[in-house]
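In this chain, numbering begins with 1 at the start of the sequence shown. Computed from heavy atoms alone, side chains included, the values below leave out hydrogens, waters and symmetry copies. Please read all numbers here as calculations on a predicted model, not as lab measurements.
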Amino acid sequence: MPKINVYLPDELAEAVKESGVPVSAVCQRALEHAVRRVTAIREAVLGDLDGEPTGAVAHFTPRTRTVLRLAAERARDTGAPRMRTEHLLSALLDENTNLALHVLRAMEIDPARVREDLDRRTPTSTAPEADNDPRRFDSQAANALELTVTEATSLGHNYVGCEHLLLGLVTEPDGVAGQALRGLGAEPKLVRRAVVAALAGYVHLRAQSGPPSPVTDVEQALTAALRQEIQPLNARIARLEEHLGLAAPQ
């Protein structure tokens, strides 16, 4: 039977040893579950996303399903044999009302710049395949969607929103979408912190004043929450630079 090495952080490894958790059995079940989810996504054919969601997209929010529908349409219109990560990101930008775009703006990443860089990186033509179907995902898009679901689960959410899709696209290493986003400064750790801060700010605003308006109040809440989150990080970076002698002279 082939073996797969699993590397754990020191603290977690020590805790696992002390608790006597059956690592092999736990890993096997987790991998089986992940493989089933990835296979379901890769084999999924997007049908009528306006109806009752089922299967691989059952927990996707209406906005996220709209993004998937727009991505399938964009893949079809460009003659792509499969839906790719650039189609997903382009659709995320086209939808124009989702939380992911507010997160990017709060990180001072202009969606218009994302669009420009994405268009520059997107291949102008693709080789035809015998089973062209733009309603299906290519391997990188399927990986991005699996990471999307994983991010939602790790944050303790029982839904999959556009903010999770942004995280999935940023985290996926090989797709055009992730390359474009990371090239503009949207590193996975920073985006994850921004999403958590944004959701916290949004929830706080709703508790204070009821449902916010679609744009202004949401962006104000996100900006305030992100500033509270980022300022301590900037202070730690400044102290580290000073310690290393990298700080700019006064």
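Electrostatic pairing of Asp117 and Arg120 counts as a salt bridge here, judged by a charged N lying under 4.0 Å from a carboxylate O. A salt bridge links Glu86 with Arg84: at least one charged nitrogen is closer than 4.0 Å to a carboxylate oxygen.
Here the CZ-CG distance, from Arg105 to Leu101, works out to 5.5 Å after rounding to the nearest 0.5 Å. A distance of 9.0 Å separates CG in Leu104 from CG in Leu184, rounded to the nearest 0.5 Å. Atom CZ in Arg135 sits 10.5 Å away from atom CZ in Arg76 (nearest 0.5 Å). Between Glu163 atom CD and Thr148 atom OG1 the span is 10.5 Å, to the nearest 0.5 Å.
Taking every heavy atom of both residues into account, Ala198 and Val103 meet most closely at CB-CG2, 3.9 Å. Minimum heavy-atom separation, Ile109 to Gly185: CD1-C, 4.1 Å. Annotation for Ala100 and Cys162: closest pair CB-O, 3.5 Å, computed over non-hydrogen atoms. Contact detail for Glu187 and Val170: the closest heavy-atom pair is C-CG1, 3.9 Å. Asp174 and Gln179 make their closest contact through O-NE2, 3.1 Å (heavy atoms, listed as atom of the first residue, atom of the second, distance). Here the closest heavy-atom approach between residue Ala71 and residue Ala91 is recorded as N-CB, 3.4 Å.
A heavy-atom distance below 4.5 Å is not found between the side chains of Gln140 and Pro173. You'll find the side chain of Leu181 reaches within 4.5 Å of the side chain of Leu166, heavy atoms only. At a threshold of 4.5 Å between non-hydrogen side-chain atoms, the residues Phe137 and Thr85 do not count as touching. At least one side-chain heavy atom of Glu73 sits under 4.5 Å from a side-chain heavy atom of Arg69. In this structure the side chain of Met83 reaches within 4.5 angstrom of the side chain of Leu88, judged on heavy atoms.
Put simply, the side chain of Thr171 never gets that close to the backbone of Gly168: no donor and acceptor are under 3.5 Å apart.
The local environment of CZ in Arg121 is crowded, with over 12 non-hydrogen atoms from other residues, nucleotides or ligands closer than 6.0 Å. The environment of Asp77 atom CG is dense: over 12 non-hydrogen atoms of other residues, nucleotides or ligands sit within 6.0 angstrom.
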Task: Test side-chain contact (heavy atoms from CB on, under 4.5 Å) applied to His59 and Asn158, step by step - done: CA-CA 7 Å; His59 298 291; Asn158 61 356; 6.0 Å; no

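For the pairing with Leu145, the side chain to side chain contact (heavy atoms under 4.5 Å, CB included) check across Val160, Thr64, Leu165, Thr150 returns one residue only, Leu165.
Residues satisfying the salt bridge (Lys or Arg N to Asp or Glu O under 4.0 Å) criterion with Arg182, sequence neighbours excluded, are absent altogether. Taking the side-chain hydrogen bond (donor to acceptor under 3.5 Å, both in side chains) definition, one finds that Glu172 meets it with nothing, sequence neighbours left out.
Cluster membership for Leu147 and Val195, using ILVMFWY side-chain heavy atoms within less than 4.5 angstrom, is not shared.
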